[in-house]
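Some notes on the structure that comes next.
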There are 2 protein chains.
Amino acid sequence: MTDVDALAALGALAHPTRLDAFRLLVRHEPAGLSTGQLVEASDLTQSTFSTHLAVLVKAGLVKPEKRGRQMIQRANLDVLRALMLFLAKDCCQGRQELCEPLLAELTCC
Amino acid sequence: MTDVDALAALGALAHPTRLDAFRLLVRHEPAGLSTGQLVEASDLTQSTFSTHLAVLVKAGLVKPEKRGRQMIQRANLDVLRALMLFLAKDCCQGRQELCEPLLAELTCC
DNA sequence: GAAACATATCGGTTTTTTACGATGGGAGTT
DNA sequence: AACTCCCATCGTAAAAAACCGATATGTTTC
């Protein structure tokens, strides 16, 4: 993951509507949700939400898939993992003791 | 870490200047760098960089400390860890197999 | 083919962000 | 006290983001 990719992912998640939508999609893995269902879950217009969704898709965090006349949206956890690894690399620069607390907490899952 | 905190941290890192500055500070832990040194490392005006720095501080990612007539800026790795944990919680919702690849890669450090 | 449906895109307005020079205030120096 | 240095803040202009209604595109249904 390059800096540009990480900036796109960070920016995509840095908005309440998009963060909510992404987390909703994560909770609905691997089935996904239609765009319309996501619009309903938000309190925004269909067109406004569509542009938010486009930001998530452009960042690679969401992968759309055609199904009949509707689009099924699915979270791309690979990109989320790549983003976390990107951040972790900063955290761990040479000093492993800095990230050990993180690993300890992450073993919760 | 609340949603509001996470959004602030994501937004703070979602800018090339601020991401660069934060990573530079991480690499200079635990000594930190003065604001002036950070300005030099950027290609921006002192005033412009100051507002960027304020965003990082507001998000808690950077902790300023007075030293004489200059400010020493230090990265707050606790907030970075909290942010990563916040993202990981989404990733791991109930399904531990989703985060195992991440943990495997993180053991690099 | 016409109608209904799901989603994307186009204009346009409002709000927010970014960037700069200039100014101000606190902290050392002479 | 006057001066210099470091940094924050103010005022402002330009750029980007957010939001909406209206329209366009492609798909199923009748």
Side-chain angles (χ1 to χ4, degrees), chain A residues 3-25 28 31-76, chain B residues 3-25 28 31-76:
Chain A
D3 286 19
V4 173
D5 296 332
L7 285 168
L10 289 166
L13 295 177
H15 188 282
T17 296
R18 295 192 295 258
L19 183 61
D20 282 347
F22 180 72
R23 293 202 283 181
L24 188 58
L25 287 180
H28 281 80
L33 289 176
S34 70
T35 305
Q37 289 175 304
L38 290 171
V39 171
E40 283 176 33
S42 79
D43 52 353
L44 292 179
T45 303
Q46 178 266 323
S47 75
T48 299
F49 185 84
S50 182
T51 67
H52 280 299
L53 187 57
V55 174
L56 287 167
V57 171
K58 191 172 184 183
L61 285 162
V62 169
K63 289 292 179 191
E65 188 183 335
K66 280 186 84 161
R67 185 183 303 173
R69 64 182 162 191
Q70 61 189 3
M71 302 288 289
I72 301 300
Q73 311 290 342
R74 296 190 54 217
N76 186 359
Chain B
D3 287 18
V4 173
D5 296 331
L7 284 168
L10 288 167
L13 294 177
H15 189 282
T17 296
R18 295 192 294 257
L19 182 61
D20 282 348
F22 180 71
R23 293 202 284 180
L24 188 58
L25 287 179
H28 282 81
L33 289 175
S34 71
T35 305
Q37 290 175 302
L38 289 171
V39 171
E40 284 176 32
S42 78
D43 52 353
L44 293 179
T45 303
Q46 178 266 325
S47 76
T48 298
F49 185 85
S50 182
T51 69
H52 281 298
L53 186 57
V55 174
L56 287 167
V57 171
K58 191 170 184 184
L61 285 162
V62 169
K63 288 292 179 190
E65 189 183 334
K66 280 185 86 162
R67 184 181 305 175
R69 64 181 161 190
Q70 61 190 2
M71 301 290 285
I72 301 299
Q73 311 290 342
R74 296 191 55 217
N76 186 359

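Computed from a predicted structure; not experimentally measured. Naming: A, B, ... by sequence-line order, numbering from 1 per chain.
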Any idea which of [options] is nearest the [X] side chain?
X: B:L44; options: D:dC7, D:dT29, C:dA19; answer: C:dA19
X: A:S47; options: D:dA8, D:dC20, C:dA8; answer: D:dC20
X: A:Q70; options: D:dC19, C:dT7, C:dC20; answer: C:dT7

Using whole Å, report how far [atom1] of [X] lies from [atom2] of [N].
X: A:M71; N: D:dT27; atom1: CE; atom2: P; answer: 11 Å
X: A:L38; N: C:dA6; atom1: CG; atom2: P; answer: 14 Å
X: A:R69; N: C:dT7; atom1: CZ; atom2: P; answer: 10 Å
X: B:Q46; N: D:dC10; atom1: CD; atom2: P; answer: 14 Å

- Item | Considering all heavy atoms, the nearest A:R74-A:G32 contact |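 Reported closest heavy-atom pair: CG-CA, 3.9 Å.
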
- Closest non-hydrogen atom pair, B:L61 against B:F22: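 So the two residues come closest at O-CE1, 3.3 Å.
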
- Positions of residues 10-25 of chain A (non-hydrogen atom under 4.0 Å from DNA chain C), listed by number: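 Heavy-atom contacts with DNA chain C come from no residue of residues 10-25 of chain A; none.
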
- Query: Which of residues 51-68 of chain B sit near DNA chain C, with a heavy atom under 4.0 Å from it?
  - Reply: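 Those residues are B:H52, B:K66, B:G68.
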
- Task: Evaluate the criterion side chain to side chain donor-acceptor pair (under 3.5 Å) for residue pair A:T35 and A:Q73; output intermediate values, then yes/no.
- Result: CA-CA 6 Å; A:T35 305; A:Q73 311 290 342; 2.8 Å; yes

- Message: Within this structure, what is the CD-CG distance for the pair B:Q37 and B:L25, rounded to the nearest 0.5 Å?
- Response: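 So the gap between those two atoms works out to 10.0 Å.
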
